[in-house]
Amino acid sequence: MCESSEEPRWSTWLIFNCTNYQEHDEESEIGMAIITNRLRAPQVMATMEDRVCSLCGAPFENIGEESALTPYLAHDIERFKSCGYAVLKDDEVTG
């Protein structure tokens, strides 16, 4: 039996906060939760280094990452949204 060494497409959440989110309106998002994998994570990180918040123009900072378990993606999406994050796929960020 041959096992694939390819990493699952959606295995990691990268979490970024706007460095100025405390000044956003209460209803506004505080950052982005981006789903990706370890192979594409460096590209997402590099893209986010150049991105600025569309609300205030401040840069983003990476505040961490979490494992994404496929059966729980819907739960993760709702959890991140309820915490004030825009939820995106990596190709939505890197174009």
What's the spacing between [X] [atom1] and [Y] [atom2] if we round to 0.5 Å?
X	Y	atom1	atom2	answer
Ile15	Glu66	CD1	CD	4.0 Å
Glu92	Thr36	CD	OG1	11.5 Å
Ser82	Ile77	OG	CD1	12.0 Å
Lys89	Thr94	NZ	OG1	12.5 Å

If we count only N and O atoms by modelled type, under 3.5 Å, do the side chains of Trp13 and Asp76 hold a donor and an acceptor together?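 Yes, side-chain donor-acceptor contact under 3.5 Å.
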
Same cluster or not: are [X] and [Y] linked, directly or through other Ile, Leu, Val, Met, Phe, Trp or Tyr residues, by side-chain heavy atoms under 4.5 angstrom apart?
X	Y	value
Ile63	Leu55	no
Trp10	Leu39	no
Phe80	Met32	no

Do [X] and [Y] touch side chain to side chain, with heavy atoms closer than 4.5 Å?
X	Y	value
Met48	Met45	no
Arg38	Glu65	yes
His24	Cys56	yes

Nearest heavy-atom neighbours spanning Asn37 and Ser11: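 Heavy atoms only, the tightest pair is CB-OG, 3.3 Å.
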
Exercise: identify the closest heavy-atom pair between Asn20 and Ala58: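 Nearest pair, atom of Asn20 first, then Ala58: CB-CB, 3.6 Å.
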
If we check side-chain contact (heavy atoms from CB on, under 4.5 Å) with Val44, which of these qualifies: Ile34, Thr12, Asp91? Ile34

Test side-chain contact (heavy atoms from CB on, under 4.5 Å) on Cys18 and Glu29 and set out the steps. CA-CA 9 Å; Cys18 169; Glu29 294 167 339; over 6 Å; no

With side-chain contact (heavy atoms from CB on, under 4.5 Å) as the criterion, how do Val93 and Gln43 come out once you've worked through the C-alpha distance, each side chain's angles and the decisive distance to 0.1 Å? CA-CA 9 Å; Val93 174; Gln43 183 180 5; over 6 Å; no

Could you check whether any side-chain N or O of Asn17 sits under 3.5 Å from a backbone N or O of Thr19, counting only pairs where one atom can act as donor and the other as acceptor?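 No; zero donor-acceptor contacts below 3.5 Å.
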
Please answer whether the main-chain N or O of Ser28 pairs with a side-chain N or O of Asp25 as donor and acceptor at a distance below 3.5 Å.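 Checking the backbone N and O of Ser28 against the side chain of Asp25, no donor-acceptor pair under 3.5 Å is found.
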
Report the C-alpha distance between Tyr85 and Ile30 in whole Å, list the side-chain angles of each, state the deciding distance to 0.1 Å, and finish with yes or no for side-chain contact (heavy atoms from CB on, under 4.5 Å). CA-CA 6 Å; Tyr85 290 92; Ile30 64 171; 3.6 Å; yes

Is there a side-chain contact (heavy atoms from CB on, under 4.5 Å) between Asp90 and Ile35? Walk through the geometry before answering. CA-CA 6 Å; Asp90 53 13; Ile35 192 162; over 6 Å; no

Any ring pair (Phe, Tyr, Trp, His ring centres under 6.0 Å) pairs touching residues 36-78, not counting sequence neighbours?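 Sorted pair list comes back empty.
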
